[in-house]
Amino acid sequence: MFQDQNPIAEFRGPWGVPIQIGASLILIPIVFVDLFGASPAGLSRDLIFVAILIGSIYLHELGHAWGSLIQGVPVRRIMLYGGGGFCERARSATRYEQELIVAMGPIVNLVLWAVAGLIAGFMKDPEIWWVFATISSVNLFLAIMNLVPVQPLDGGKLFELFLFRVLPPGAAIRVAGAVGLFLSILWIPVMLMSFVALGLMLFFIPSPRLHWQMLRYREA
């Protein structure tokens, strides 16, 4: 959902990887920044929150890029957009290469969650504490969300890659499709509950059609 393919801006990131910005990225500050009713302090916190969220997504995608490059798989670009981001490889990767590539995104978020949480524990200033506590909570949210086993999230890819290790390929695809179909149907009510309870939501909805096609997969 809101996945841009055509960038409106581009810069060079670490390792020379092109970082592209999609127009729908503006949806994140629109949702999370209160321009009219917030106090100056509240507006400042909203803007910091948006910067933390976008920065955490960016570092997540850099994790995927590192997992690719360390195995000799070139990266064509990283795209950041309203629904999150993606890391596009210049060639296909083997299943074994994909395991590290896919896992590195959530691993980066979990490291940021742990490190920021530890730093927050030592902060005496409430504003500085809030910044590190927010970095920690945002990255925990991103890690948990990305590990949900639905396509095309990292959890869906990792779940399918795990199934390939223990099941025949056709059965692995069908099982991944069945689990993903069930979860994609529950996605919208759970996402809305998350937004109401935590104020955290990304503009992404998994495709029930894709998972239905996986469930009906038949080997030629």
Side-chain angles (χ1 to χ4, degrees), residues 1-38 42-69 75-90 101-102 104-113 116 130-131 134-148 150-157 184 187-188 190-192 194-196 198-207 210:
M1 188 176 183
F2 303 115
Q3 180 166 322
D4 295 321
Q5 294 293 336
N6 300 314
I8 59 172
E10 179 178 321
F11 63 93
R12 290 282 168 176
W15 317 296
V17 174
I19 312 298
Q20 299 181 346
I21 308 298
S24 66
L25 193 69
I26 193 63
L27 291 171
I28 294 180
I30 286 175
V31 169
F32 291 109
V33 176
D34 184 357
L35 293 174
F36 303 104
L43 179 60
S44 175
R45 282 201 171 193
D46 288 347
L47 292 172
I48 292 171
F49 176 86
V50 167
I52 290 171
L53 178 58
I54 294 175
S56 298
I57 294 170
Y58 171 56
L59 293 173
H60 173 103
E61 299 304 331
L62 281 181
H64 290 314
W66 181 87
S68 296
L69 295 170
V75 174
R76 179 172 289 122
R77 62 172 176 163
I78 287 174
M79 171 68 88
L80 303 176
Y81 62 98
F86 61 84
C87 177
E88 182 179 342
R89 300 186 294 271
I101 293 169
V102 176
M104 278 308 302
I107 287 172
V108 166
N109 291 131
L110 289 171
V111 169
L112 290 170
W113 160 68
W130 178 85
V131 170
T134 301
I135 293 172
S136 181
S137 61
V138 165
N139 278 278
L140 179 60
F141 172 83
L142 290 175
I144 293 172
M145 189 198 74
N146 272 285
L147 288 173
V148 176
V150 296
Q151 298 283 353
L153 294 182
D154 297 332
K157 296 173 184 175
S184 63
W187 187 270
I188 293 178
V190 171
M191 183 176 66
L192 292 175
S194 171
F195 182 70
V196 171
L198 304 174
L200 295 173
M201 180 177 68
L202 293 181
F203 299 99
F204 165 79
I205 298 176
S207 170
L210 171 62

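Hydrogens, waters and symmetry mates play no part in the numbers below; they use all other heavy atoms, side chains included.
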task: Show the numbers, then the answer: is there a side-chain contact (heavy atoms from CB on, under 4.5 Å) between T134 and R45?
output: CA-CA 10 Å; T134 301; R45 282 201 171 193; over 6 Å; no
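- Annotation for W15 and L69: closest pair CB-CD1, 3.7 Å, computed over non-hydrogen atoms.
- The two atoms that bring G85 and I57 nearest to each other are N-CG2, 4.1 Å, heavy atoms only.
- Taking CD1 from I54 and CZ from F49, the interatomic distance works out to 10.5 Å, rounded to the nearest 0.5 Å.
- The side-chain heavy atoms of R76 and C87, taken from C-beta on, include no pair separated by under 4.5 Å.
- In terms of heavy atoms, L153 sits closest to V148 at CB-O, 4.0 Å.
- At least one side-chain heavy atom of M79 sits less than 4.5 Å from a side-chain heavy atom of P7.
- Using a 4.5 Å heavy-atom threshold, the side chains of H60 and L142 count as separate.
- Heavy-atom minimum distance, G82 versus S24: N-OG, 2.8 Å.
- Residues V150 and S184 come closest through the heavy atom pair CG1-N, 4.2 Å.
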Q.
Using the rule given for side-chain contact (heavy atoms from CB on, under 4.5 Å), can you reason through W130 versus I48, listing the C-alpha separation, both sets of side-chain angles and the distance that settles it, and then say yes or no?
A. CA-CA 10 Å; W130 178 85; I48 292 171; 3.6 Å; yes
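- Atom CD1 of I21 is separated from atom OH of Y81 by 12.5 Å, given to the nearest 0.5 angstrom.
- Heavy atoms only, all atoms of each residue included: W113 and N139 are closest at N-CB, 3.9 Å.
- The distance from the CD atom of Q20 to the CD atom of E88 is 8.0 Å, given to the nearest 0.5 Å.
- In this structure, L140 CG and L110 CG are separated by 7.5 Å, a value rounded to the nearest 0.5 Å.
- Using a 4.5 Å heavy-atom cutoff, the side chains of E61 and I19 are not in contact.
- Between atom CE of residue M145 and atom CG of residue D154 there is a gap of 8.5 Å, rounded to the nearest 0.5 Å.
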